[in-house]
Engineer: 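Shown below is the structure under consideration.
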Amino acid sequence: MYGMLAGTAIPVAVSSIVSAFYQRCKSMEAFKQLHARFIILGHRHLPHSALRPIISFSSLHPTGDLHYAILILLSVPIPLISTSSSSRYLFNTVIRGFARRQKNQHNPTRQQQHSSTPLLLLLLLLRRMVDASVSPNNFTYTFLIQACAVPSAMLLGWQIHSVVTKNAFLDDRYVRNSLLQFYSICCGLDETRRLFTEFEDYADVVSWNSLINACLKRGEVSEAFVLFDRMPEKTTVSWNNMMTGLIRHKRLDTARVLFDEMPERNIVSWTVMISGYSQAGEVSEALGLFRLMQMSHRNLNSAVLVAGLAAASQLGALEHGKWIHGYIRKRQVRMERSLTTALVKMYANCGCVDLAMQVFYDDAVEKDVSTYTAAVLGLAVSGHGREAMSLFKQMKCLGIEPDGVSYIAVLCACSHMGWVEEGSHHFNEMVHVYGIEPELDHYACMVDLLGRAGHLQEAEKFITSMPVEADNVVWGALLNACRIHGNPTMGRKVGKMLIESDCGHDGRYIALSNLYSESRMEENAQQIRRIMKKRNVERIPGISSVDLNGTIYES
DNA sequence: TTAGGGTTAG
């Protein structure tokens with residue numbers, strides 16, 4: 001039966017060769033080419049033996065094509081589906097593909113972006129299962145519930161919840177935990193809690209972690225702590241989960257207490273803590289932890305390397321960054337996009353734009369908008385405005401759509417080069433062609449661009465015409481421009497306003513006082529310093545760091 | 001027969 005090709009009986013041996021052929025296929029293209037050959041040879045359907053490898057690959061592989069898997073499965077004649085023992089497995093695999101895509105959409109930095117697959121197709125698939133009398137099992141329901149774990153699929157998820165209850169599939173802990181996760185994503189905390197209470201007697205460590213995560217995501221930190229203390233058993237994931245939530249709510253010190261207390265740390269624990277420190281600007285602490293981790297872990301994954309690179313990048317710790325790059329080469333760590341992007345940023349921030357571009361061209365096999373943006377920014381700040389702009393153009397030509405951050409890099413390049421017109425053109429392009437809403441950073445870049453080029457009046461006019469209220473960064477850019485171009489009249493107005501709105505910020509006083517000094521208005525400069533003293537504003541010295549043979553010196 | 005849940009990553 002399985003060797004049937006559009007009504008033509010073929011020997012079983014041929015069928016098994018076909019299957020072997022399929023199993024060796026490593027890409028969607030290879031599968032599709034073989035499929036085309038079958039069609040050209042006059043067969044309407046794929047041999048059944050080929051269905052499993054092709055459906056598995058196109059549903060589950062990161063480069064797979066879920067639509068194709070659905071089409072293939074829907075084109076199998078109903079009588080054949082009904083009589084085959086592996087049909088349920090095939091349906092489950094495709095539904096699992098849906099589930100996986102939903103998850104990745106939540107987490108876009110992971111693997112490639114799949115275009116979203118409409119829910120309608122999922123319903124079509126379910127309909128086909130019913131028509132062919134293929135009964136769902138606990139795997140089917142687990143995948144289905146996961147596939148519904150997006151707000152747009154809430155109603156379907158609820159329906160499946162009732163089906164699952166009616167058919168006694170809640171006995172399965174995977175089904176229960178998937179449901180809990182669905183509620184925590186699609187519904188409120190109250191509903192999630194209620195579901196948990198229903199299962200509490202059967203709750204395992206995963207259920208507890210899910211509920212705690214739901215609390216943490218909604219800022220209920222104290223409730224999360226109560227649950228964490230109450231849970232009957234904790235795994236490393238439980239501790240990591242708690243730490244992640246605390247860091248998200250700026251409770252870095254509390255997270256560190258947990259980190260020190262936890263009985264066993266894995267690579268995720270270290271990653272969470274290191275990136276927590278680095279994102280909070282406590283970069284030396286982050287690097288210190290990274291070094292400590294190296295003593296206990298020999299196999300570093302890309303996540304922890306990204307965290308280490310982010311810290312190195314902020315601190316300008318070139319040797320440290322180079323060590324990580326060497327590790328990646330030696331251990332042949334896969335050059336994921338997040339990893340190459342982190343490398344490009346690190347080299348650029350350490351002032352080695354050549355090395356950054358070398359990584360960009362030689363190492364970065366996969367590039368996305370962040371990889372390009374990192375390179376464009378690196379070129380821009382190191383004074384290679386022309387190269388930055390041509391790389392940006394190249395990116396657009398390749399069909400990679402720029403985002404808001406890309407335009408920060410572009411405006412920065414224009415600002416450094418004094419290209420007012422080009423900068424304004426790109427600002428408009430961002431808004432009108434790509435529909436990106438400008439943020440305060442974009443406005444600050446524009447003010448910087450106009451101001452540096454000496455168009456002070458225009459910069460001021462730009463600020464007053466902004467649809468949102470300018471913040472101190474935007475006004476600060478104008479003050480800086482006043483200083484560069486020696487305009488104490490406007491500088492005084494802007495500087496005073498800045499000081500009044502942010503009277504504890506030392507930089508505002510210094511900027512204004514420097515402006516006076518440079519305009520030979522020593523008396524006014526002194527006055528500003530006196531006000532500063534009277535208000536007890538300490539001058540915090542800027543810290544710069546230098547990496548000498550792996551030791552960071554701060555001055 | 002095969003498969004499934006909770007944590008990290010620009």
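Naming convention: chains lettered A, B, ... in sequence-line order (proteins, then strands); numbering from 1 in each chain.
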Engineer: Is the shortest side-chain heavy-atom distance between A:Leu156 and A:Leu123 below 4.5 Å?
Structural biologist: yes
Engineer: Could you check whether any side-chain N or O of A:Asn92 sits under 3.5 Å from a backbone N or O of A:Phe139, counting only pairs where one atom can act as donor and the other as acceptor?
Structural biologist: no
Engineer: What's A:Arg176 touching, base or sugar-phosphate or nothing? Going by heavy atoms closer than 4.0 Å.
Structural biologist: nothing
Engineer: Can you say whether the rings of A:Trp239 and A:Phe228 are parallel (under 30°), tilted (30 to 60°) or perpendicular (over 60°)?
Structural biologist: perpendicular
Engineer: Does anything in residues 259-273 of chain A reach DNA chain B, meaning a heavy atom under 4.0 Å, and if so which residues?
Structural biologist: A:Val268, A:Thr271, A:Val272
Engineer: Rounded to whole angstrom units, what separation is found between the CH2 atom of A:Trp208 and the C1' atom of B:dT7?
Structural biologist: 18 Å
Engineer: Rounded to whole Å, how long is the line connecting atom CZ of A:Phe169 with atom C1' of B:dG4?
Structural biologist: 13 Å
Engineer: The side chain of A:Val205 lies closest to which of these nucleotides: B:dG6, B:dA3, B:dA9?
Structural biologist: B:dG6
Engineer: Base of B:dT7, side chain of A:Asn241 - is there a donor-acceptor contact under 3.5 Å?
Structural biologist: no
Engineer: Among A:Asp171, A:Asp172, A:Asn167, find the one that has a side chain to side chain donor-acceptor pair (under 3.5 Å) with A:Asn138.
Structural biologist: A:Asp172
Engineer: For DNA chain B, which residues of residues 347-365 of chain A approach it to below 4.0 angstrom with any heavy atom?
Structural biologist: none
Engineer: Please check the phosphate of B:dT7 (OP1 and OP2 only) for any side-chain N or O of A:Asn213 closer than 4.0 Å.
Structural biologist: yes
Engineer: Identify whether any heavy atom of A:Thr244 sits under 4.0 Å from a base atom; if not, whether one sits that close to sugar-phosphate; answer base, sugar-phosphate or nothing.
Structural biologist: sugar-phosphate
Engineer: Please lay out, stage by stage, how A:Arg176 and A:Glu198 fare under the test salt bridge (Lys or Arg N to Asp or Glu O under 4.0 Å).
Structural biologist: CA-CA 10 Å; A:Arg176 282 197 308 266; A:Glu198 245 176 71; over 6 Å; no
Engineer: Which pairs, with at least one residue in residues 55-69 of chain A and sequence neighbours excluded, count as a salt bridge (Lys or Arg N to Asp or Glu O under 4.0 Å)?
Structural biologist: A:Lys32-A:Asp65
Engineer: From CG of A:Leu216 over to P of B:dG6, roughly how many Å is that when rounded to an integer?
Structural biologist: 16 Å
Engineer: Working note: A:Asn241 + A:Thr244, criterion side chain to side chain donor-acceptor pair (under 3.5 Å); need CA distance, chi angles, decisive distance, verdict.
Structural biologist: CA-CA 5 Å; A:Asn241 189 24; A:Thr244 310; 5.6 Å; no
Engineer: Can you identify which nucleotide, out of B:dT8, B:dA3, B:dG10, has its nearest atom closest to the A:Tyr89 side chain?
Structural biologist: B:dA3
Engineer: In whole angstrom, give the distance that lies between atom CZ of A:Arg88 and atom C1' of B:dA3.
Structural biologist: 12 Å
Engineer: State plainly whether the residues A:Glu223 and A:Arg218 are in salt-bridge range, i.e. N to O under 4.0 Å.
Structural biologist: no
Engineer: A:Glu336 has a side chain; which of B:dG6, B:dG10, B:dA9 sits nearest to it?
Structural biologist: B:dA9
Engineer: For a quick check of understanding: with a heavy-atom distance under 4.0 Å over all strands, which category does A:Asp172 fall into, base, sugar-phosphate or nothing?
Structural biologist: base
Engineer: Within this structure, what is the CE-to-C1' distance between A:Met243 and B:dT8, rounded to whole angstrom?
Structural biologist: 9 Å
Engineer: Please tabulate, one pair per line, all N/O donor-acceptor pairs under 3.5 Å involving side-chain atoms of residues 179-191 of chain A, not counting sequence neighbours.
Structural biologist:
residue	atom	partner	partner atom	Å
A:Gln181	OE1	A:Ser210	OG	3.4
A:Tyr183	OH	A:His161	ND1	2.7
A:Ser184	OG	A:Gln181	O	3.4
A:Asp190	OD1	A:Arg193	NH1	2.7
A:Glu191	OE1	A:Gly188	N	3.4

Engineer: Given A:Phe290, which of A:Ile274, A:Thr271, A:Leu309 fulfils the side chain to side chain contact (heavy atoms under 4.5 Å, CB included) condition?
Structural biologist: A:Ile274
Engineer: Can you measure A:Arg337 atom CZ to B:dG10 atom C1' for me and round it to whole angstrom units?
Structural biologist: 11 Å
Engineer: Taking OP1 and OP2 of B:dT8, is either one under 4.0 Å from a side-chain nitrogen or oxygen of A:Arg248?
Structural biologist: yes
Engineer: Determine which pairs satisfy salt bridge (Lys or Arg N to Asp or Glu O under 4.0 Å) with at least one residue from residues 258-282 of chain A, sequence neighbours left out, and list them in order.
Structural biologist: A:Arg256-A:Asp260
Engineer: So, under a plain 3.5 Å distance rule, would you say the side chain of A:Ser370 forms a donor-acceptor pair with the base of B:dG10?
Structural biologist: yes
Engineer: Let's see if you can work this out: which of B:dG10, B:dG4, B:dT8 has an atom nearest to the side-chain heavy atoms of A:Lys345?
Structural biologist: B:dG10
Engineer: By the 4.0 Å heavy-atom rule, please label A:Val304 as base, sugar-phosphate, or nothing.
Structural biologist: nothing
Engineer: Counting heavy atoms from C-beta on, name the nucleotide in B:dG6, B:dT2, B:dG4 closest to the side chain of A:Arg52.
Structural biologist: B:dT2
Engineer: Do you know which two heavy atoms are closest between A:Leu119 and A:Ser152, and how far apart they sit?
Structural biologist: CD2-O, 4.3 Å
Engineer: Mind checking A:Val306 for me? I need base, sugar-phosphate or nothing, with any heavy atom below 4.0 Å counting as a touch.
Structural biologist: sugar-phosphate
Engineer: Do the side chain of A:Thr142 and the base of B:dG4 come within less than 3.5 angstrom through a donor-acceptor pair of N or O atoms?
Structural biologist: yes
Engineer: Under 4.0 Å between a side-chain N or O of A:Lys103 and OP1 or OP2 of B:dG6?
Structural biologist: yes
Engineer: Would you indicate which nucleotide in B:dG4, B:dA9, B:dG6 comes nearest to any side-chain atom of A:Ser238?
Structural biologist: B:dG6
Engineer: One thing to verify: whether A:Arg329 and A:Asp363 come together as a salt bridge, which I'm taking to mean a side-chain N less than 4.0 angstrom from a carboxylate O.
Structural biologist: yes
Engineer: Hey, does the side chain of A:Arg96 come within less than 4.0 Å of B:dG4's phosphate (OP1/OP2), counting only N and O?
Structural biologist: yes
Engineer: Could you check how far CD1 of A:Ile95 sits from P of B:dG4, rounded to whole Å?
Structural biologist: 15 Å
Engineer: Would you mind telling me which of B:dT7, B:dA9, B:dA3 lies closest to the side-chain atoms of A:Ser302?
Structural biologist: B:dA9
Engineer: Which residue is it: A:Asp441, A:Leu379, A:Val376, A:Leu377? I am looking for the one with a side chain to side chain contact (heavy atoms under 4.5 Å, CB included) to A:Cys412.
Structural biologist: A:Leu377
Engineer: Counting the atoms with a prime plus P, OP1 and OP2 as sugar-phosphate, which does A:Asn301 contact under 4.0 Å by heavy atoms, base, sugar-phosphate, or nothing?
Structural biologist: nothing
Engineer: Atom CG of A:Leu300 to atom C1' of B:dA9: distance rounded to whole Å?
Structural biologist: 14 Å
Engineer: Near DNA chain B, under 4.0 Å by heavy atom, which residues of residues 221-235 of chain A?
Structural biologist: A:Thr235
